[in-house]
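Notes follow once the structure below has been shown.
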Amino acid sequence: MNYYLGADIGTTAIKVALFDNCGNKILHHAQEYDLLKPSAQRVEQIPHVYWDTFKACVKTVMSESGVDKECVKAFAMDSSAETIVFLDEQMQPLDNFYVWMDNRAEEEAVEINNYFSAKEIVTATGQTPIDPVYPATKILWFRKNKPELFKKIRMMFMCDDYILWHMSGKKASHGSSWCTSYLWNITSKDWWPEMLDYLQISPDQLPQIYECGTFVANILPDIADELGLPHGLRLIMGGQDQSSGAIGVGNVTPGIFSESTGGALMVCTTTDKPVFDENGCVPCNYSDMEDVYMIQAGAKGGILMRWLRDTLCKEEMALEEQGGKNAYDLMDELASATPAGAEGLFLMPFFGGAGNPHRDIYGRGVLYGLSLGHTKGHIIRAFMEALACNITKIIEYTEKLTGVKVTQVRSLGGGSLSPLWCQIKADVLNRQVVTMKNTQDAACLGAAIIAGYGAGEWPSIQEAASKFARIDKVYDPNPDHRDVYDQLLKKYDLFIEATHGYTEEFSKITAE
C-alpha cells in the first residue's frame with residue numbers, strides 16, 4: 001500500500017492528512033493560529049507561524065498514523081492564494097505576510113485600475129478590475145510606503161511557496177495561485193510584463209512556475225528527519241486551496257459546482273477553456289489541472305462567522321473551554337431556534353469590501369432591521385443567511401456567464417460541518433446541497449491526489465478525483481421557506497442598489 005500526504009495551508013489554520021492509494025483517510029491533524037490585525041484595514045501573519053504550524057501538523061500525523069514512513073511516496077500542498085511576503089537576499093522576510101483579506105492598498109487598487117483598463121486586465125489575467133485583496137496592490141503599497149525595504153526584495157512568495165522553499169530549497173510555485181496576483185498571464189502562462197514594469201519588479205524576483213502535479217525536488221534530508229518523513233520523499237507541486245478542494249469533492253469536469261465556506265467563501269466550476277467576463281464581475285482562474293480553467297468567484301466567508309464568534313459569542317466560547325459543546329455548535333442551536341428570515345433582520349456581508357459578483361472595495365458590513373425583539377440567535381442566523389445569499393448571487397451570475405444550469409452544489413470547508421447552515425444554503429439557493437464523504441478533508445485529499453498523480457500512482461487527477469468522490473448527506477430545499485428567502489434575496493439586491501455610488505463617500509466620511 002502506498003500513502004500520500006496532503007496539506008491545506010489555510011487563512012486561519014493548517015491541516016495535514018495522510019491518505020492511502022484508494023483515497024481513504026488514515027489520519028488528519030489541524031491546528032489554528034490567530035491573525036495579526038494592527039488596524040481595521042490590516043491583516044498580517046508572522047512568517048514562522050506558517051512553518052512552525054505546518055511542522056507540528058506533519059509530525060503529529062506521522063507519529064500517530066502508525067504508517068511506515070517509507071511507504072509515504074509523495075507530498076503536495078495547497079494554500080489560500082494572495083497572501084504574500086517579501087524576502088531579501090538571504091531569504092529573510094522583510095515584513096510579515098500580508099494576508100489576502102488585508103485592505104491597506106485601497107489607493108493602490110484605484111491607481112492600478114486607472115492605469116490598466118478592465119479589458120487589458122481581463123485579457124491578460126482573466127481577473128476582474130483589481131481590489132486591495134490582490135498582491136499587485138500590496139507590492140505597489142510596499143514600494144510607496146517602505147521604499148528602502150522595497151529595494152531589498154529578492155523574492156516574493158505565497159504561503160505554500162514559503163513552506164516548499166523550507167522543504168526543498170527551491171523557489172517554485174504554480175499558476176493556480178499566481179493567476180490571481182495580477183502578475184501572471186493566464187493565456188501565455190508567463191509573467192505579464194506590462195504589470196511587472198508598472199510595479200517596478202522583475203521576473204527574477206518571482207518564483208519559477210510549475211504545472212500542478214509536477215515533481216519539484218526531493219525533500220531535504222535534515223527536514224525529513226525533523227518531520228519524520230522518508231529521505232527521498234518526492235515533493236510535488238500542489239495548487240490553490242479552492243481548486244484542490246474542488247478536486248477533493250470530484251468537481252473536475254464542466255457542469256459540477258462546488259461551494260466552499262472556509263475563511264473565504266468560494267463557488268467553483270471548471271471549464272476547458274478560459275471564460276472571460278467582459279463585465280468584470282467574476283474572474284476566470286487557472287486550475288490545479290493542466291490546461292483546465294475555473295470560474296472561481298468568492299467573498300469573505302467563514303472568517304465572518306469566526307469574527308461573530310470571537311466578538312459576540314464569548315459565552316459560547318467559555319462553555320467550550322469548560323468542556324462543553326463546540327462554540328459553533330452552540331451558535332447553531334441559537335440560530336436553529338430562530339425562524340427563517342431572522343424575523344426581518346438581515347446582514348450585508350461586505351466586511352472590508354464586497355466580493356463577487358458585486359465588487360465594491362468600499363463596501364462594508366451592515367446589519368439592518370434590528371429591533372428590541374431580536375436576540376443573539378437572530379444575529380447568528382442573519383450571518384448564515386447572508387452568506388447563503390452571496391453564494392446564490394455568484395451561482396446565478398455564473399449560470400448566465402457559462403450557460404450551465406446548476407441543480408446541485410457540493411459543499412465543503414468548515415461551513416459544511418453545520419447541518420443547519422447546509423439546509424439554509426439549500427433553502428436560499430433553491431438548489432440541492434450535498435456534502436461528500438471527504439468533505440472536511442477535501443482540500444487535503446485534492447493535494448494528496450495531486451501528489452499521487454505526480455508520483456505516477458494515477459494516470460490523471462480527474463480519474464482519481466472522480467473515483468474517490470462519494471456523496472454523504474443530501475439537503476433538498478424546503479418549499480415552506482421559499483417566500484421568505486425570495487424576499488430576503490430581494491432585500492439583498494435593493495440594499496446594493498440603494499448604496500451604489502455612495503459607499504466611497506461613506507468610507508471617506510468615516511475616515512475623516
Side-chain angles (χ1 to χ4, degrees), residues 3-20 23-36 45-81 83 85 97 99 157-168 177 216 219-220 222-231 233-242 244-245 247-248 260 262-264 302-303 306 326 412-414 417 438-452:
Y3 298 87
Y4 297 96
L5 197 63
D8 176 37
I9 316 302
T11 304
T12 58
I14 288 177
K15 179 184 283 188
V16 174
L18 186 65
F19 298 87
D20 65 24
N24 299 308
K25 182 181 71 175
I26 307 304
L27 186 72
H28 84 272
H29 181 73
Q31 187 168 315
E32 289 190 349
Y33 35 70
D34 293 324
L35 298 172
L36 304 179
Q45 185 55 274
I46 302 169
H48 73 77
V49 168
Y50 291 117
W51 178 233
D52 292 345
T53 306
F54 171 78
K55 289 193 297 181
C57 289
V58 172
K59 288 178 184 178
T60 299
V61 169
M62 292 306 298
S63 64
E64 296 183 4
S65 67
V67 169
D68 181 353
K69 68 179 182 180
E70 298 303 327
C71 295
V72 180
K73 300 302 181 183
F75 164 79
M77 66 184 139
D78 63 75
S79 83
S80 53
T83 296
V85 71
F97 271 90
V99 178
F157 277 162
M158 305 288 185
C159 305
D160 52 341
D161 307 340
Y162 185 69
I163 291 173
L164 183 61
W165 175 76
H166 275 287
M167 297 180 79
S168 68
S177 275
V216 177
I219 191 170
L220 295 171
D222 59 329
I223 299 300
D225 291 339
E226 182 179 4
L227 299 183
L229 295 169
H231 284 209
L233 178 72
R234 295 171 67 84
L235 303 179
I236 306 301
M237 181 54 67
Q240 186 251 12
D241 57 353
Q242 301 299 332
S244 292
I247 290 170
S260 172
I303 194 71
R306 181 169 177 173
N326 179 280
L412 59 146
L417 283 170
N438 49 23
T439 285
Q440 290 313 305
D441 305 295
C444 285
L445 176 58
I449 289 172
I450 292 170

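This structure is a prediction, so every number in the text was calculated from the model and none was measured.
The shortest non-hydrogen separation linking Val99 to Leu35 is CG2-CD2, 4.1 Å. Closest of all the heavy-atom pairs between Ser244 and Ala443 is CB-O, 3.9 Å. Closest non-hydrogen pair, Leu233 versus Ala74, comes out as CD1-N, 3.5 Å. Closest non-hydrogen pair, Ala7 versus Phe75, comes out as CB-CE1, 3.8 Å. The minimum heavy-atom distance between Ile247 and Gly446, with the atom names listed, is CG2-CA, 3.9 Å. Summarising the geometry of His48 relative to Tyr162, their closest heavy-atom pair is N-OH, 4.4 Å, with the distance given to 0.1 Å.
Judged as a side-chain hydrogen bond (donor to acceptor under 3.5 Å, both in side chains), and not counting sequence neighbours, Asp78 has no contacts. Annotation: salt bridge (Lys or Arg N to Asp or Glu O under 4.0 Å) contacts of Lys25 (sequence neighbours excluded): Asp441. Checked against side-chain hydrogen bond (donor to acceptor under 3.5 Å, both in side chains), Arg306 has the following partners two or more places apart in sequence or in another chain: Thr12, Asp34. Ala81 is linked by a side chain to side chain contact (heavy atoms under 4.5 Å, CB included) to Ser177, Thr180, Gln240, counting only residues two or more places apart in sequence or in another chain.
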Expected list for residues 56-67: side-chain donor-acceptor pairs under 3.5 angstrom, two or more places apart:
from  : atom 1 : to    : atom 2 : distance (Å)
Thr60 : OG1    : Ala56 : O      : 2.9
Ser63 : OG     : Lys59 : O      : 2.9
Ser63 : OG     : Thr60 : O      : 3.2
Ser65 : OG     : Val61 : O      : 3.1
Ser65 : OG     : Val67 : N      : 3.2

With a cut-off of 3.5 Å and sequence neighbours excluded, list every side-chain donor-acceptor pair involving residues 222-229.
from   : atom 1 : to     : atom 2 : distance (Å)
Asp225 : OD1    : His231 : NE2    : 2.7
Glu226 : OE2    : Lys55  : NZ     : 3.0

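Of the inter-residue distances, the one linking Leu5 atom CG with Cys444 atom SG reads 8.5 Å to the nearest 0.5 angstrom. Between Ile219 atom CD1 and His166 atom NE2 the span is 12.5 Å, to the nearest 0.5 Å. The OG1 atom of Thr11 sits 6.5 Å away from the CD1 atom of Ile303 when rounded to the nearest 0.5 Å. Interatomic distance, Ser260 OG to Leu412 CG, rounded to the nearest 0.5 Å: 4.0 Å. With rounding to the nearest 0.5 Å, the separation of CZ in Arg234 from OG in Ser168 is 13.5 Å. Between the CD1 atom of Ile163 and the CD1 atom of Ile14 there is a distance of 4.5 Å, given to the nearest 0.5 Å.
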For a side-chain contact (heavy atoms from CB on, under 4.5 Å) check, start with the C-alpha distance between Val72 and Leu18, then their side-chain angles and the critical distance, and finish with the verdict. CA-CA 9 Å; Val72 180; Leu18 186 65; 4.1 Å; yes

Could you walk me through whether Met167 and Trp51 pass the side-chain contact (heavy atoms from CB on, under 4.5 Å) check? CA-CA 10 Å; Met167 297 180 79; Trp51 178 233; 3.9 Å; yes

Please step through side-chain contact (heavy atoms from CB on, under 4.5 Å) for the pair Tyr3 and Ile26, ending with a clear verdict. CA-CA 9 Å; Tyr3 298 87; Ile26 307 304; 3.8 Å; yes

I would like to know whether His28 and Val16 meet side-chain contact (heavy atoms from CB on, under 4.5 Å); could you show each step before the answer? CA-CA 6 Å; His28 84 272; Val16 174; over 6 Å; no

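Outside the 6.0 Å centre-distance limit, the rings of Tyr33 and Phe54 are not counted as a close aromatic pair. Note: Phe97 and Tyr50 meet the aromatic proximity criterion, with ring centroids under 6.0 Å apart.
Taking 4.5 Å as the limit, every side-chain heavy atom of Ser79 sits out of range of all side-chain heavy atoms of Asp241. Leu164 is listed as a side-chain neighbour of Met237, based on a closest heavy-atom distance under 4.5 Å.
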